[in-house]
Amino acid sequence: MPLMRGLLEARLQAAFDRVEPGADPQVRPSERADFQANGALSLARRVGRDPRQLAAEIAADASLEDICSAVEVSGPGFINLTLAESFVVGELAALADDARLGVEPSADPCTVVVDYSGPNVAKEMHVGHLRSTIIGDSLCRVLDFLGYDVVRENHIGDWGTPFGMLIEHLVDVGEKEAVHELSVGDLDMFYRQARSSFDGDEAFRERARRRVVLLQSGDEDTLRLWRLLVAQSVGYFDEVYGKLGVLLTDDDIVGESFYNPLLPAVVTDLAAEGLLVESEGALCVFPEGFTNRHGQPLPLIVQKSDEGFGYAATDLAAIRDRVGRIGARLILYVVGAPQAQHLEMCFAAARVAGWMAPDARAVHVSFGSVLGTDRKMFRSRTGETVKLADLLDEAVQRADAALAGRDPGSDAAGRAEVAHAVGVGAVKYADLSTDRGRDYVFDWDRMLAFEGDTGPYLQYAHARIHSIFRRAGEGLEEVRGRPVVGDKAERALALALLGYAEAVDDTVHTWSPSRLCGYLFALATAFTTFYETCPVLQAADPDTRRSRMLLCALTARVLEHGLGLLGITAPEQM
RNA sequence: GCCCUCGUAGCUCAGUGGAUAGAGCGCCGGCCUCCGGAGCCGGGUGCGCAGGUUCGAGUCCUGCCGAGGGCGCCA
C-alpha cells in the first residue's frame with residue numbers, strides 16, 4: 001500500500017510536469033480538506049502566471065477521479081483534496097488484510113549499525129543512559145520492521161586507565177566481596193571507593209598505574225580480574241535491560257576493549273594518508289572546518305603524548321570496523337547532544353581517511369538532558385544522580401498504586417504484570433514523546449496520568465477496545481470486510497488509521513520516535529471521538545456494527561503495533 | 001572570547017516556507033444517567049527582541065537578549 005500522500009503527489013505530478021517538469025506539487029495534510037497541494041503558488045510565481053488560474057488548470061488536468069471526491073482551488077491558489085469515500089473504504093479494507101498495517105518494507109534497506117546505551121563497567125546506570133537506551137531501542141525496532149539489517153552495538157566503557165584503579169580496588173576488597181557488591185548493583189559505591197583510594201593514597205596510585213600497564217600488556221592474571229569486573233557489571237546491566245524491556249543482549253556488547261587491537265591500524269591508515277600531524281607531542285588529525293577559541297584548527301587526538309590512545313582513536317576504529325568489516329551503510333549514534341562536535345569531527349576524519357564508503361552515512365541521533373521539575377538536572381531528593389534501576393522500580397510501584405486506586409478490587413498479584421507494563425511504558429513514552437533534541441522535564445504525576453498524552457492513556461485506549469471484543473465474544477482478528485465510513489467520526493478515524501505508514505516513515509526520516517508518539521496520540525483521540533458518537537455493540541444494524549467492530553479492531557492493532565515499535569507493551573486488560 | 005543547540009498559552013509540549021499557530025494538563029461554566037469517563041461543548045490580547053529575504057516566516061538569513069552545552073591529551 002503506497003502512502004496516501006505519495007499517491008496524491010504522484011497523480012498531481014503529471015499535471016505539474018506539463019507546466020514545468022519536476023515542479024513539486026507540495027502535498028500536505030490540510031485543515032480545510034484531507035490534503036492540500038501548495039505547489040501551484042510557487043510555480044505560478046516562477047512561470048509568471050496567475051496562481052489561482054494555474055491551480056484551476058492543474059486541478060482540472062490531474063486525474064484524481066478514482067481517489068478524490070472533490071478537487072477545489074481555494075484561497076490564493078491552494079488545491080484542496082478531499083478523498084472519496086469509496087477510496088477510503090477500499091484502502092481500509094486492504095489495511096485490515098495487511099499484517100504490516102500498510103507499512104511497506106524499505107525500498108532500499110541496508111546494514112545499519114545502531115550505537116546506543118553505552119554504560120560504563122563498574123559504574124551505575126543512571127538517567128543519562130535512559131534516553132540513549134530507549135531511543136536506540138525504538139529506532140532498532142522500527143528499522144528492523146522496515147527490513148533493515150540492524151546491528152545493535154552496545155559500546156560499553158570496559159577499557160582504559162580507570163581499570164588500573166578498579167582492579168586494584170578489587171584486589172583490596174577481595175574478589176568474593178567485590179563480586180557481591182557488584183552483583184547487588186552497588187556499582188557507584190565500588191567506583192567511589194576505588195576513586196577515593198586513588199586520590200588519597202600515593203602507593204595505591206602507583207599500583208593502579210602499574211596495573212594499567214599489566215592490563216595493556218595482556219598479563220593473564222590481570223585480564224582475569226578485569227573479566228571478573230566486566231562480567232559482574234554486564235550481569236547487572238542485563239538486569240536493568242530486563243526491567244526496561246529492551247532488545248539489547250550480551251551479544252550486542254562491543255566495548256572499547258574490542259577496538260583496542262584495532263587502534264594501531266587506525267594510526268597506520270591515517271599516517272599513510274598523510275593526515276597525522278604531531279602537535280605538542282600527540283598525534284592528531286585536524287579535520288577541516290573545526291577551530292578552537294583562537295580560531296586555530298581543532299585536533300582530534302588519536303595518540304596521546306604518552307603513546308596511549310585517546311577516545312577519538314576508539315571512535316575512529318569503530319567507524320572503520322563498522323563500515324569495513326560489518327558493511328554498514330548507515331551508522332546511528334544515539335548519544336547526548338554535548339558530544340555533537342566530537343562526533344562530527346570523527347565523521348569528517350573518517351571520511352577523509354577513506355573509511356566511509358561514498359554512500360555510507362553516519363548520523364548523530366542526539367538528545368537533550370533529563371531535567372527535574374525545577375528545570376535543573378534530574379536528581380534524587382538528596383541531590384544524587386538517580387540510579388536507573390531505582391527509577392524503574394519506582395515507576396512500577398507508582399503504576400501499581402495508580403491501578404489499585406482505579407480498581408480497588410484488584411489483587412496485587414494480578415496487577416504485577418500490568419503495573420510493570422504501565423510503569424515502564426509511562427517512563428518510556430514520556431521520554432520518547434518529547435522531541436529528542438530538547439531537554440525534557442521528568443514529572444512522575446504527568447507521565448503516569450491516564451488522561452492526556454501519556455503511555456497509560458494509550459495503553460488504556462487499547463485495553464478498552466479489547467474489552468469491547470471480550471463483551472462481544474469475538475476475536476480481534478475475526479472481523480473482516482469493507483467498512484462504512486459515512487459518519488464524520490468514522491471517516492476521521494479511518495483516515496487516522498490509514499496514516500500509520502506515513503507516521504512510521506516520518507519517524508525514520510527524522511530519527512524521532514516522537515513522531516510516532518504524536519501519531520498514536522492523535523489516533524487514540526480520533527478513536528475516542530468515534531467511540532463517543534458511534535455506538536459499536538449497540539449499533540443500529542448488523543452491517544454498521546460489523547463495520548465499527550472493524551474500525552475498533554484496526555485501531556487496537558495499530559495501537560499495539562505502534563507502541564511495540566516504541567518498546568512499550570500494551571496489555572489487553574488493565 | 002569563539003562555536004553549537006534551544007527560547008511558542010499559567011505549566012509541559014506539537015507545529016515538513018503556506019490559509020484564522022495547535023494539543024495535553026490546570027482553571028471557570030455548562031452537558032452526557034452511553035459499550036470500563038481515555039468523556040463532550042464553550043471560555044486564551046502566546047511564537048524572547050529588532051531588522052532582512054519571500055507572493056507568503058514560528059519555520060530561512062543577520063544582529064541583540066536569555067538558557068544550556070562544547071572548546072587538546074576524560075569518554
Side-chain angles (χ1 to χ4, degrees), chain A residues 5 26 28-32 36 38-39 41-42 44-45 51 74-78 80 118 120 155 157 159-162 256 279-284 290-296 298-312 314-315 335-342 344 366 368-369 371 373 375-377 406-407 430 433-435 437-441 443 445-447 449-454 456-465 467-468 470-472 506 509-510 514-515 517-518 521-522 524-525 527-529 531-539 548 552 573-574:
Chain A
R5 212 176 109 184
Q26 296 179 37
R28 308 279 184 267
S30 177
E31 288 175 11
R32 314 219 169 175
Q36 63 183 57
N38 303 333
L41 271 95
S42 46
R45 177 82 185 162
S74 166
F78 301 108
N80 289 348
N120 291 309
H155 193 93
W159 200 253
T161 47
E256 288 166 15
S279 171
E280 296 173 35
L283 293 178
C284 308
F290 298 90
T291 53
N292 68 5
R293 70 189 82 177
H294 306 300
Q296 297 158 334
L298 204 56
L300 207 49
I301 296 171
V302 179
Q303 196 159 16
K304 301 184 286 186
S305 52
D306 67 359
E307 298 195 344
F309 293 100
Y311 54 89
T314 309
D315 286 331
V335 174
Q339 287 199 51
Q341 184 175 260
H342 166 70
E344 288 307 324
S366 77
S369 313
L371 308 177
T373 43
R375 301 224 53 130
K376 292 180 181 155
M377 291 297 277
R406 291 170 68 83
D407 180 10
S433 61
T434 303
D435 178 76
R438 297 172 47 144
D439 297 346
Y440 82 97
V441 174
D443 183 339
D445 293 335
R446 190 150 33 79
M447 74 176 72
F450 282 69
E451 302 85 36
D453 190 6
T454 69
Y457 170 82
L458 295 177
Q459 288 169 320
Y460 189 56
H462 172 263
R464 281 286 297 277
I465 298 172
S467 121
I468 297 169
R470 273 193 301 277
R471 180 176 278 265
D506 213 20
H509 276 103
T510 56
S514 64
R515 300 305 182 104
C517 294
F521 180 62
T525 304
F527 182 80
T528 306
T529 305
Y531 192 62
E532 187 72 26
T533 54
C534 302
V536 178
L537 298 177
Q538 277 115 48
R548 290 178 178 170
C552 289
Q573 278 187 69
M574 57 188 279

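Owing to the predicted nature of the structure, the values given are computational and were not obtained by experimental measurement. Reckoned from all heavy atoms, side chains included, excluding hydrogens, waters and symmetry mates. In what follows, chains carry the letters A, B, and so on, assigned in the order in which the sequence lines appear, proteins first and then strands, with residues in each chain numbered from 1.
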>> Both A:E280 and A:N80 contact RNA chain B. Which one's nearest nucleotide lies toward the 5' end?
In response: A:N80
> Think A:R32 forms a cation-pi with A:F78, using NZ or CZ under 6.0 Å from the six-ring centre and within 45 degrees of its axis?
Replying inline: no
> Can you find a side chain N or O atom of A:R464 that sits less than 4.0 Å from OP1 or OP2 on B:rG37?
Replying inline: no
> Given B:rC35, is OP1 or OP2 found less than 4.0 Å from the side-chain N or O atoms of A:R548?
Replying inline: no
> Expressed in whole Å, how much space separates the C1' atoms belonging to B:rA57 and B:rG70?
Replying inline: 30 Å
>> Ring centres within less than 5.5 Å and planes less than 30° apart: is that true of A:Y311 and B:rC74 in this structure?
In response: no
> Taking the six-membered ring of A:F527, is the NZ or CZ of A:R464 close enough (under 6.0 Å from the centre) and on axis enough (within 45°)?
Replying inline: no
> Does A:F521 or A:S305 map to a spot on RNA chain B nearer the 5' end, using the closest nucleotide for each?
Replying inline: A:F521
>> Heavy atoms from C-beta onward define the side chain here; which of B:rG37, B:rC35, B:rG70 lies closest to that of A:Y531?
In response: B:rC35
>> I need the CG-C1' distance between A:D439 and B:rG70, as an integer number of Å.
In response: 14 Å
> Is any N or O donor-acceptor pair between the side chain of A:D453 and the base of B:rA38 shorter than 3.5 Å?
Replying inline: no
> Paired with B:rA23 by Watson-Crick or G-U wobble geometry, both distances under 3.5 Å: which nucleotide is it?
Replying inline: B:rU12
>> Donor-acceptor check, side chain of A:T529 to backbone of A:T525, threshold 3.5 angstrom: yes or no?
In response: yes
> How long is the line joining OH of A:Y440 and C1' of B:rU5, in whole Å?
Replying inline: 19 Å
>> Check this for me: does the side-chain of A:S74 come within 3.5 Å of the base of B:rA19 through a donor and an acceptor?
In response: yes
>> Would you measure the distance from the P atom in B:rU62 across to the matching atom in B:rC74 and give it in whole Å?
In response: 36 Å
>> Looking only at the side chain of A:I301 (C-beta and beyond, no hydrogens), which of the listed nucleotides B:rG72, B:rG36, B:rC13 gets closest?
In response: B:rG72
>> Treating A:R548 as the side-chain partner and A:P535 as the backbone partner, does any N or O pair qualify as donor plus acceptor under 3.5 Å?
In response: yes
>> Please give the distance between the C1' atoms of B:rU8 and B:rC3 as a whole number of Å.
In response: 26 Å
>> Between C1' on B:rA75 and NE2 on A:H155, what's the gap in Å once rounded to a whole number?
In response: 8 Å
>> When both hydrogen-bonding distances must be under 3.5 Å and the geometry is Watson-Crick or G-U wobble, what is B:rC35 paired with, if anything?
In response: none
>> What I'd like to find out is whether the side chain of A:L300 reaches to under 4.5 Å of the side chain of A:H342, using heavy atoms alone.
In response: yes
> Is any side-chain nitrogen or oxygen of A:R406 closer than 4.0 Å to OP1 or OP2 of B:rA38?
Replying inline: yes
> So, does the side chain of A:S279 form a donor-acceptor pair with the base of B:rG72 at under 3.5 Å?
Replying inline: yes
>> Whether the side chain of A:E256 and the base of B:rA75 hold a donor-acceptor pair under 3.5 Å is what I'd like checked.
In response: no
> Rounded to the nearest Å, what distance is computed from the CG atom of residue A:N38 to the C1' atom of nucleotide B:rG17?
Replying inline: 9 Å
> Is the shortest side-chain N/O distance from A:R375 to OP1 or OP2 of B:rC11 below 4.0 Å?
Replying inline: no
>> So for A:T528 and B:rG39, does any side-chain atom that can act as donor or acceptor lie under 3.5 Å from a complementary atom in the base?
In response: no
> Does A:K376 have a side-chain nitrogen or oxygen under 4.0 Å from the phosphate oxygens OP1 or OP2 of B:rA67?
Replying inline: no
>> What's the gap between B:rC41 and B:rG22 when it is taken at their P atoms, as a whole Å value?
In response: 16 Å
> Is the closest side-chain heavy-atom distance between A:I468 and A:Y531 below 4.5 Å?
Replying inline: yes
